[in-house]
Amino acid sequence: MNPDTLFMEKALKMAFSSVGITSPNPPVGAVIVKNNKIIGSGSTSAFGGNHAEVNAINSCTESTEDSVMYVTLEPCCHFGKTPPCTMAITAAKIKKVVIAAIDPNPLVCGKGVLELENAGIETIIDKKNGSLARELLEPFKTYLEEKRPYIVHKAAMTLDGCTASHNKDSKWITSESSRALSHRLRSVVDAVIVGKGTYIADDPRLDVRNEYLDNRKVNVYSNESFLFSELIGNDFEVKKRTPLRVLAGLPDRFENRSFFYDENYLIFCSESDHDCDIPEYVDREKIIPIGFSGKKFIEKMLKILYDQGVMLAMVEGGARLNASFHEAGLPDSYLYFFAPKVLGGGHPLFQGAGEEMIKNSRTVNHKALALIDGDLVVYGEFK
């Protein structure tokens, strides 16, 4: 393999390691090479901290003069929470910078490259790895351009499309290995969203558990996703964090308490929610009235989450919430698990009117297809 490719792959892995902790900044990785040897590497710190380029420079074991930096995103050239990375690169006397993707932020967007070139630093755009870098940057791009979080829809169902039996039994449809993959994805998102029906039926904690994914049981048949590759990889490390728990809709009863194990949650209520007694363990200040239902409810909820810095969120149902997201033209991508089981009837993935004509269906772009311990797993994007 070409050394340049190896070094950029290392930078991409560094970028992935920071997914879930940088929001609303993008996850970026940087590697510094001298005499064909890595002398430093870094990823983006939590919001307000150093960017990947500065962390890589600070980690170097020897002088950075005449070295080469491989970075997954164009270095910034403006003052924000931190000084410009172009300034740090120039001061470090790095002679060449290889960039996987141009920054979609209008404050940068080519200006970082120009500033490096004006400082006499050679810059190269790595088109080969650009698509891999852009996949990790898609939530940042959506957050920046559409003023909302990027939405991943995760669902587990039987082959006949049921997420639970008629009496709402859903544990467990898929294998332990599939559930482990779900927790891995949950550990890199900023928020997990469920509906009030799911809260009542499942009593979810929505936390992150470091369950074992047996890679010997993972058979990948097609994969064009760097994110999926990292999620199923042997070296994946579950982050010691839990995402914001979001409850869409005010339940008519609160006997389930697992959701409220700490203060990291929000509840959004709509005009259709019933009045109910709020127990003492529920913080009333975390209940946010919206005043809409359906598509408008989703749009308003996502705007509030955007204002709170949520860049990447995962929807885990139920059926009415899934239908409301579909009505709003969402989600952006999906991770669907199909268990080799047939219920012959039960609760469907969506509960809504849906589209009247097949031609109006949303087109999907599959990026990964795998068997995990007997479950068919499909990951991709909605066009």
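Cluster annotation: Ile193 is connected to Ile298 through the hydrophobic network of ILVMFWY side chains, with a link wherever side-chain heavy atoms come within less than 4.5 Å. Cluster annotation: Leu227 is not connected to Tyr334 through the hydrophobic network of ILVMFWY side chains, with a link wherever side-chain heavy atoms come within less than 4.5 Å. Hydrophobic clustering (side-chain heavy atoms under 4.5 Å, transitive across Ile, Leu, Val, Met, Phe, Trp, Tyr) keeps Ile102 apart from Val108. Leu185 and Val364 sit in two unconnected hydrophobic clusters of ILVMFWY residues. Membership requires side-chain heavy atoms under 4.5 Å apart, directly or through other members. Hydrophobic clustering, with ILVMFWY side chains joined whenever heavy atoms are under 4.5 angstrom apart, groups Phe337 together with Val220.
Annotation: Asp235, atom CG; neighbour count of heavy atoms from other residues, nucleotides and ligands within 6.0 Å is above 12. Other residues, nucleotides and ligands place no more than 12 heavy atoms under 6.0 Å from the NZ atom of Lys128. The environment of NZ in Lys147 is crowded: more than 12 heavy-atom neighbours from other residues, nucleotides or ligands sit within 6.0 Å. Counting heavy atoms of neighbouring residues, nucleotides and ligands inside a 6.0 Å radius, atom CZ of Arg179 exceeds 12 of them. By the 6.0 Å contact criterion, CD on Glu224 is open, its count of non-hydrogen atoms from other residues, nucleotides or ligands being 12 or less.
For the residue pair Ala248 and Met301, the shortest heavy atom distance occurs at CB-SD, 4.1 Å.
Ser178 and Asp375 share a donor-acceptor pair across their side chains, judged by distance under 3.5 Å alone.
Salt-bridge check for Asp332 with Arg148: passed, with a basic side-chain N closer than 4.0 Å to an acidic carboxylate O.
Phe350 and His326 have perpendicular rings, their planes meeting at more than 60° on a 0 to 90° scale where under 30° would count as parallel. The aromatic rings of Phe16 and Phe226 sit perpendicular, their planes meeting at an angle over 60°, well past the 30° parallel limit.
One distance of note links CG of Asn58 with OG1 of Thr64; it measures 10.0 Å at 0.5 Å rounding. The line from NZ of Lys96 to CE of Met69 is 13.5 Å long, rounded to the nearest 0.5 Å. Taken from OG in Ser225 to CD in Glu381, the straight-line distance is 8.0 Å, to the nearest 0.5 Å.
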(message) Under the criterion side chain to side chain contact (heavy atoms under 4.5 Å, CB included), I'd like the reasoning laid out for Phe260 against Ile267: C-alpha separation, chi angles, the key distance, then a yes or no.
(response) CA-CA 11 Å; Phe260 301 100; Ile267 302 173; 4.0 Å; yes
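A side chain to side chain contact (heavy atoms under 4.5 Å, CB included) with Val28 holds for exactly one of Thr72, Asn55, Leu12; it is Thr72.
Tyr261 carries Arg245 over the face of its six-membered ring, with the cationic atom under 6.0 Å from the centre and within 45° of the normal. With Tyr265 as the aromatic partner, Lys286 meets the cation-pi criteria of under 6.0 angstrom to the ring centre and within 45 degrees of the ring axis.
Applying the salt bridge (charged side-chain N to carboxylate O under 4.0 Å, His left out) definition to pairs two or more places apart or across chains, none involves residues 345-361.
Applying the side chain to side chain contact (heavy atoms under 4.5 Å, CB included) test to Pro279 and every residue at least two apart in sequence or in another chain returns Phe254, Tyr281, Val282.
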